[in-house]
Structures are given as structure tokens and as C-alpha cells.
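Right, I'll just put the structure down here and ask away after.
Order of the sequence lines fixes the chain letters, A, B, ..., with proteins taken first and strands second; residue numbering starts at 1 for each chain.
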Number of protein chains: 2
Amino acid sequence: MALDQDRAAGSLYRKVAADLREAITSGSFGDAGRLPAEGALAEQYGVSRGTVRQALALLRADGLVTSRRGTRRVVLGSARVQSFSELLSFTHWARSMGEEPGGRLDSMVRRPADAAEREQLRLEPGTEVYVMLRLRTLSGTPVMVERTVYPPRVGELVAQLPPDAVSHTEPLREHGILFSDADHTIDVVGANADDARLLGCRRGSPLLREKRRTTDPTGTPVEWSQDRYLPGTVAFSIHNSLASSALSRHAREND
Amino acid sequence: MALDQDRAAGSLYRKVAADLREAITSGSFGDAGRLPAEGALAEQYGVSRGTVRQALALLRADGLVTSRRGTRRVVLGSARVQSFSELLSFTHWARSMGEEPGGRLDSMVRRPADAAEREQLRLEPGTEVYVMLRLRTLSGTPVMVERTVYPPRVGELVAQLPPDAVSHTEPLREHGILFSDADHTIDVVGANADDARLLGCRRGSPLLREKRRTTDPTGTPVEWSQDRYLPGTVAFSIHNSLASSALSRHAREND
DNA sequence: CTGGCCAAGTTGGCCAGCCAACTTCCGTCG
DNA sequence: CGACGGAAGTTGGCTGGCCAACTTGGCCAG
């Protein structure tokens, strides 16, 4: 229901991209995995070549096709890339896999932001933040501990949600809090006392950690979160290429 | 030296993008973090608005700027995204940080590919592959174990390299093996006997694992690698947005 | 039969223009 | 003083066209 809404989303090149994506994954173009020429596609869809190129740029960024000057595009595979909302919302993600998402609020406190939090959320000294600790489950089994810091504008809304609310991002969107960009950092960390208590593991046992800072369309940070997953429950995958690279590897700094 | 070569790389919009990237990170546009209008930039650089938009699309994909209809672009930050080659080559990456990369070949065997390897490298049944196990060090300290599977065409070249060669990707490039696209999967895994022996950790102790399949511009796989990092040495970061999302989270399947 | 050359096909890149959708700001009216 | 409305500014989207760079395959000469 909400899926069809953002699938083609108005613009012409997105519709073309969605159609081509489906044609690729359904196994058309089996002819040695070669796509029709841009000009042929343009005529077929009744659009200009520029529009087709915009659509193909989307597919290339997703790792579905290559592109080289001089020869036709080649189908790489049916790399399944999730939508942005599916990535930010644990609830949305779980449901798309057919699992039942759950959440248990452990604590929600309001206190002055420390130096790191002020920098991440771009807050003035002395500003208060809302810090939330929540256990996340898939079909009843504990999977992840979520430690999220909200700036006041967002935290006030989250604090008013019922404690047993499964999804927080959906109500936030209805209150006009929009998510637009996110920076993720992935590494390994040992479980602290809270993690061990909530996940039922030993202190110091390894967890896959995803740190995430999300901003709205104006560039204002709306959340800073640390999600700690039990090993063996999830993995993250990324596609990148010479044409577009959003991934980076770096020496791990403090914290 | 090799850096300047791919920085602007011929095309006009890449030069504009490189110039804007530098202007942003050097702190121009301090005026509330607002970029000049597309039209103004087009006139300033003496190019068309379409070319400016191509350049800005690169910056948006890197997470440097936002973009919303109706208002000027906003500077998000100086997100440091590494070049593609810096990401694939441990040697290149280490040197860009000012560290001394090292490598010690542990084993290099040639044997028939198993089912998983055939699927990853798209090989016919019975084809032989080259399997390499190598310890990687930064300034002398062990950091990562690299387990790479090469198809015959590539493996024959790697096997002829001297055992103490630090970089493998650079000689490969000179032999015409080009890297174009890569799929990465990141999770946590316990050290096996080889990992423990080479890294000096205990068996079963957690490692940050990056599985990577790289293809050339024609879509043919050229390597399938598993890199296992000691915790606390590296982290991976990704930027994504509503406009372009190449990251995905998924339930961890077998192996 | 082999090697090299050439032409056709294809994508990359750049330009100029046009309109729609949206944001912001300011002036006006109640 | 506040709310409403409109105008100006800006980005999103699409078209049509042109040339350059590159790949591929076939033809031709040796």
C-alpha cells in the first residue's frame, strides 16, 4: 500500500527505472545480459534519451547494470537495495521480511547534552537532549539494543508516544519530522551492562554496532543513534563503483 | 601523483565537482551553509546549468550537500568519501593515511571451485580457482586476514607475483585487470584456527568481516574476498539518502 | 588464414531552453 | 499584531540536439 506510492513517485524517469528494474529481475534481457540501447529504450517508452539516462543512472547506482562507453549496458544481477525508509525504520524493515517487529522501552531520560552529542546534533551548549534506550525484537527474540539521542524538537514528540509503541519513525513522520540523509558507521564493540541485561548475553561479548546520524531535508540533525546487534542476526551490504562511491573504510577513532 | 590524475579526470562536471568539493571543505559558503544557485554557478564556471547539476549530483551522493526543490542547497558537512581504488586496495588505503602497509603470504593453492565459489565468480563446474590467504599489517602490527578467491585468468597473474609483494591490485591493473564495481557485506564472525594463528588472537574471538565481490567493467567477477579485521582497528562508514541509497540491512544467511 | 584497418553502433558529455513545483519573504489586509 | 496572499527566486524534470570517445565486428589486404 505504502510501497506503490514511492515506487514510481511521480517523475517519469523513476517510472522508467522501476519498469526496467522489474524487467531485469524478472529475467528479460536474457540475451547474454545486454540491455537495449538508450535510444531504443527512449523510443519504446516515448521519452527523450536524457530521461532514459536518468533512469539508468539509478540502476547503475544500485549495482544492477554496468555502463561503458562504446558498448551496451550489461546486467550485473538483481542486487536487492532497500528503500531509504526501510533502512531507517526497524519496524518497516522487519515487516518487509515478514517478521513481527517488537520494541520494549527500557529508559527515556532528559538531560543536558554532552560534548559529543552537541557536535553530532549541532546543538548550542546547555541544550537538553532526550536519550532513549530500547530493546528491539524480531518475532519475540531479542536482536538489537537501540540507544538514540534526540534534539529537543524531536525528543518532545517521542516522549509523548505510548511506551509500547512499536514504530517511532512513522508517528514522527506524521508530525512533520522528515528523514532525508543518514551517515552510518559500522564496527564491533563489546556489550556493556545494559546491553548484556537486555540482550541476554555476557558483558564484553561482541556486538555489531551501527552508529547513525540522520538529518532532515534542511540539513538539521534529527537523531543520533547507536544500534547494537547480536552477532549472527543481521549483516549490512553496500554496493559501490567507480562511478559512485559512498562507502569508506577508516581507522577506528575513540568511542 | 596518481591522485591528481583521477581527481578531475577529463570531464568538465568532474572538475566543477572537485572545485566545489574543495571550496566546501575549505569553509567557503560560510554564509549559513548555503550554496550559490545553480544558475550562478553555471555563469561563474562558464558552463551550462546541466553540467552544474551533474557536478552537484556527485556531491549529493557523497553526502556533502542536500537538495530540495524551492530553496538553495545546504552544506551538510565535509563527509570524507574515499575513492574507489582507495577502498579496494589495502595498500593504497594505508598509504593515504600515512601508515606503512605490509603483507605476508600464508598460502596460495589451486583447486577446483566449490559450489559457493562457482556462484560468486560465475564459473562453470570443474573450473579451478586460486585461493590466497594473507596477513595484512599496518606499520608492523597485524590488522587483518585476507582470504581471496580468484578466477583462473586473474589467479595466474597473482601466482606469478613475488611472495613478498605488498600490493596485488596495482600489478593487476597494469596487466589489464580493471576493477569497476564491488558488492560488500559486513558482519561479525568468530576467528577460526588460521585467523587466530595469524592475528594472534584466540579461536572464536570476534572479528569484523567484510565480504567483497568485485567485477570488471564487463560485469565479469575478478575476485571474491573475505577480509577479517581485529576489532578496534577499522570501521566502515556509508552515506545514503532518499535520493540515492546503496546500503541495505538483511538477516544474516548461512556463512 | 591471419592481421590490421575501417565503419557502424553505442554511451559519455555538454549545451540551450522551457515549464512545474516548491520555498521564502514581504507587503497587505483584517 | 497576526494571518493571508502573491511575487520572486530556486531546484526538479524533460526535451532535442550535437559531438567525442570507445567498442565491436566485418571486410580487405597481405
> From the 5' end of DNA chain D to its 3' end, which nucleotides mark the outer limits of contact with chain B, defined by a 4.0 Å heavy-atom distance cut-off (strictly under)?
Replying inline: D:dG9 to D:dG13
> Quick one: does B:Leu20's side chain get under 4.5 Å of B:Leu41's, heavy atoms only?
Replying inline: yes
> What is the distance, rounded to the nearest whole Å, between atom CD of B:Glu38 and atom C1' of C:dC15?
Replying inline: 15 Å
>> More than 12 heavy atoms of other residues, nucleotides or ligands under 6.0 Å from CD of A:Glu43: yes or no?
In response: no
> At how many degrees, to 10°, do the end axes of the helix from C:dC1-D:dG30 to C:dG30-D:dC1 meet when each uses five pairs?
Replying inline: 10°
>> Run the ring pair (Phe, Tyr, Trp, His ring centres under 6.0 Å) test against B:Tyr150 and tell me which residues pass, sequence neighbours left out.
In response: none
> Taking it one step at a time, do A:Arg111 and A:Glu117 satisfy salt bridge (Lys or Arg N to Asp or Glu O under 4.0 Å)?
Replying inline: CA-CA 11 Å; A:Arg111 59 163 174 74; A:Glu117 291 160 355; 2.9 Å; yes
> Would you say the side chains of A:Arg213 and A:Ser225 form a donor-acceptor pair under 3.5 Å?
Replying inline: no
>> I want to check something: taking the side chain as every heavy atom from C-beta on, are B:Arg110 and B:Val131 in contact at a cut-off of under 4.5 Å?
In response: no
>> Between A:Asn240 and B:Leu87, is there a side-chain heavy-atom distance shorter than 4.5 Å?
In response: yes
>> Tell me which one of A:Asp216, A:Thr218, A:Asp181 satisfies side-chain contact (heavy atoms from CB on, under 4.5 Å) with B:Thr66.
In response: A:Asp181
> Looking only at side chains, do B:His184 and B:Glu210 share a donor and an acceptor under 3.5 Å apart?
Replying inline: yes
> Where along residues 41-52 of chain B does a heavy atom come under 4.0 Å from DNA chain D, residue by residue in number order?
Replying inline: B:Arg49
Nucleotide N/O of nucleotides 22-25 of chain C paired with protein N/O under 3.5 Å:
residue : atom : partner : partner atom : Å
C:dT24  : OP1  : B:Arg68 : NH2          : 3.3

> For residues B:Thr148 and B:Glu223, is any side-chain donor paired with an opposing acceptor at under 3.5 Å?
Replying inline: no
> Do A:Leu56 and A:Tyr13 have side chains that get closer than 4.5 Å, going by heavy atoms?
Replying inline: no
> Would you say A:Val74 and A:Phe29 make side-chain contact, with heavy atoms under 4.5 Å?
Replying inline: no
>> Among residues at least two apart in sequence or on other chains, which ones pass side chain to side chain donor-acceptor pair (under 3.5 Å) with A:Arg147?
In response: none
> Could you give the CZ-to-P distance, from A:Arg53 to C:dC15, as a whole number of Å?
Replying inline: 14 Å
